[in-house]
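Because only heavy atoms are used, hydrogens play no part in the values below, and waters and symmetry mates are left out as well, while side chains stay in.
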Amino acid sequence: MVVAFSGWPAEAVEFFRGLEADNTKAYWTAHKTFYEASVREPMAELLGELSAEFGPARIARPYRDVRFRADKSPYKTEIYATFDRGGYVRFSADGLTAATGYFMMTPDQLQRYRDAVVRDGDGAELAAEVARLRAAGLQVAGSQSLKTAPRGYPKDHPRLELLRCKGLICWRQWPVAPWLYTSKARDRAAGVLRTAAPLHQWLDRNVGPAAG
């Protein structure tokens, strides 16, 4: 039987707050059954309901890779998933986030992206799309940005902000609110992914996957 997504329980927020305060194996072991039933399962239900429109999605493992990090906390204080066709949903004690775009581009992707940004037609189309998304209340920015124009590109280019981006993402983040505990969480996440789909389509068309 397929269970409809009805939001996360309020206790899921408390679970993550507790994990932030006590990121230990003892806390995780004591609460793992709750995590599976009340954190991961609602996320799986949400993804199942969105998959017809946005494609299959994968939930990230809850364990952090701490091999090269000063912070050795073993568990992620969030749950998130990525869609095969582009899209990202995250739930934590901070609330809900929905996003899409290319988070970090490889050198070959960056070359194609920058060339498209400076082309009159494609670049103007991207600038207009970014303006539309911001007018709709969404955030659009590079995951990282250069301080000036990349080498070989004019420093006074009218789309300099976009040229400086090393990735390009659109997102909205909502703080914890009662609607998180209802199916409205699905509607808000889907709304962002739907509204921002033309941005992801522009990236797919002009940048595409990394070489190799």
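Going from atom CD of Q201 over to atom CD of E129 covers 8.5 Å, rounded to the nearest 0.5 Å. Atom CZ of R194 is separated from atom OG1 of T100 by 13.0 Å, given to the nearest 0.5 angstrom. To the nearest 0.5 Å, atom CG of residue D187 and atom OG1 of residue T182 are 8.0 Å apart. We find the CZ-CG distance between R112 and L203 to be 11.5 Å, quoted to the nearest 0.5 Å. Note that the OH atom of Y181 and the OG atom of S6 stand 13.5 Å from one another [nearest 0.5 Å]. Note: L47 CG to R186 CZ = 12.5 Å, rounded to the nearest 0.5 Å.
Atom CZ of R85 sits in a crowded spot, with more than 12 heavy atoms from other residues, nucleotides or ligands closer than 6.0 Å. More than 12 heavy atoms of other residues, nucleotides or ligands shown are found within 6.0 angstrom of NZ on K72. Around atom CG of D120, no more than 12 heavy atoms belonging to other residues, nucleotides or ligands sit under 6.0 Å away.
Contact check for V192 versus L138: side-chain heavy atoms found under the 4.5 Å cut-off. When side chains are defined from C-beta on, L168 counts as touching L126, because their heavy atoms get closer than 4.5 Å. Side-chain contact check for Y63 versus K76: every heavy-atom pair is 4.5 Å or farther apart. By the 4.5 Å heavy-atom criterion applied to side chains, D94 and Q173 are counted as neighbours.
Judged by distance alone, the side chains of Q109 and T106 do bring a donor and an acceptor atom under 3.5 Å apart. Looking only at atom types and distance, the side chain of N206 has a donor-acceptor partner in the side chain of R119 under 3.5 Å away. Between the side chains of Y153 and D115, at least one donor N or O lies within less than 3.5 Å of an accepting N or O. Side chain to side chain, Y113 and D122 fail the donor-acceptor criterion of an N or O pair below 3.5 Å.
Side-chain N or O atoms of S51 include one that pairs as donor or acceptor with a backbone N or O of G48 at under 3.5 Å. With hydrogens and angles disregarded, no donor-acceptor distance shorter than 3.5 Å links the side chain of R114 to the backbone of P150. For E41 (side chain) and Y35 (main-chain N/O), no donor-acceptor pair under 3.5 Å exists by modelled atom type. No side-chain donor-acceptor contact under 3.5 Å links Y75 to the backbone of E20.
The aromatic rings of Y88 and Y80 sit tilted relative to each other, their planes meeting at an angle between 30° and 60°. Between F91 and F16, the ring planes lie perpendicular to each other; the angle is over 60°, past the 30° to 60° tilted range.
Of all the heavy atoms in T195 and L133, the pair that sits closest is O-CD2, 3.5 Å. Shown here for P154 and A149, the closest heavy-atom pair between the two residues is O-CB, 3.7 Å. Taking all atoms of both residues into account, the shortest heavy-atom contact from G167 to M105 is CA-CE, 4.0 Å. Taking each heavy atom of A57 and F83 in turn, the nearest pair found is CB-CD2, 3.6 Å. Smallest separation of non-hydrogen atoms from R64 and S73: NH1-O, 2.6 Å. Residues A190 and L50 approach most closely at CB-CD2, 3.7 Å, considering heavy atoms.
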Any chance you could lay out the side-chain contact (heavy atoms from CB on, under 4.5 Å) test for W8 and L46, step after step, and finish with the verdict? CA-CA 10 Å; W8 283 272; L46 171 68; 3.9 Å; yes
Give the intermediate values and the outcome of side-chain contact (heavy atoms from CB on, under 4.5 Å) for residues W28 and N23. CA-CA 7 Å; W28 180 261; N23 199 314; over 6 Å; no
Worked verdict on E11 versus R17 for salt bridge (charged side-chain N to carboxylate O under 4.0 Å, His left out): CA-CA 10 Å; E11 293 80 6; R17 287 175 178 162; over 6 Å; no
Is there a side-chain contact (heavy atoms from CB on, under 4.5 Å) between D84 and R58 once you walk through the steps? CA-CA 8 Å; D84 286 355; R58 292 181 296 276; 2.6 Å; yes
Stepwise, does the side-chain contact (heavy atoms from CB on, under 4.5 Å) test hold for R40 with M43? CA-CA 5 Å; R40 193 183 191 283; M43 176 65 89; 5.6 Å; no
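Tracing side-chain contacts under 4.5 Å through hydrophobic residues (I, L, V, M, F, W, Y), one never reaches F103 starting from L199; they form parts of separate clusters. A continuous path of Ile, Leu, Val, Met, Phe, Trp and Tyr side chains, each step under 4.5 Å between heavy atoms, connects F5 with I59, placing both in one hydrophobic cluster. Grouping the Ile, Leu, Val, Met, Phe, Trp and Tyr side chains by contacts below 4.5 angstrom, directly or via other members, places I169 apart from Y102. In terms of hydrophobic clustering, with Ile, Leu, Val, Met, Phe, Trp and Tyr side chains grouped at heavy-atom distances under 4.5 Å, V89 and W179 are assigned to a common cluster. No continuous path of hydrophobic side-chain contacts links L160 to V130 [ILVMFWY only; heavy atoms under 4.5 Å].
The residues R67 and D65 are annotated as salt-bridged, a charged nitrogen and a carboxylate oxygen being separated by less than 4.0 angstrom.
Screening residues 158-172 for side chain to side chain donor-acceptor pair (under 3.5 Å), with sequence neighbours left out, gives R134-E161.
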